[in-house]
Amino acid sequence: MSEEEKNKNNPLHGVTLQHILETLVERYGFKELGNRIDIRCFLINPTISSCLKFLRKTPWARAKVEELYLKN
């Protein structure tokens, strides 16, 4: 099975975490993201780069962010 066939049904294939985060911040802002997903990096001195670091190290948080992105 080719790589393309494996990812055919994956809606996040080819979408970077940075793009996901930037899209959500543009839509909701950090404060509302922190209200929707209980992650402190969205509420305490948030920046895209600091949030990306946290999300890359924390699978449960990344899953919640990806889930919110897919709902929209």
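Side chains included, hydrogens not; waters and symmetry mates left out as well; all remaining heavy atoms used.
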Which of Lys64, Glu32, Glu67 passes side-chain contact (heavy atoms from CB on, under 4.5 Å) with Ile37? It is Lys64
Output for pair (Leu21 CG, Arg62 CZ), nearest 0.5 Å, gives 10.5 Å
Quiz item: If you round to the nearest 0.5 Å, how far is OG of Ser49 from CD of Gln18?
Solution: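 Between Gln18 CD and Ser49 OG, I get 9.0 Å after rounding to 0.5 Å.
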When you compare the side chain of [Y] with that of [X], does any pair of heavy atoms fall below 4.5 Å?
X: Ile20; Y: Leu55; answer: no
X: Asn45; Y: Ser50; answer: no
X: Leu33; Y: Leu68; answer: yes
X: Tyr69; Y: Leu17; answer: no

Closest non-hydrogen atoms of Cys41 and Pro46, given as atom of the first, atom of the second and distance, are O-CB, 3.3 Å
Phe54 and Thr58: which non-hydrogen atoms are nearest, and at how many Å?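 Looking at all heavy atoms of both residues, the closest pair is O-OG1, 2.8 Å.
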Geometric class of the Phe30/Phe42 ring pair [parallel <30°, tilted 30-60°, perpendicular >60°]:
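If you compare the ring of Phe42 with that of Phe30, the planes turn out tilted.
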Out of curiosity, does Trp60 fall in the hydrophobic cluster containing Leu12 (side-chain heavy atoms, cut-off under 4.5 Å, transitive links)? yes
If two hydrophobic side chains count as joined below 4.5 Å and joins carry through other members, does Leu43 share a cluster with Val25?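 No, no single cluster joins them.
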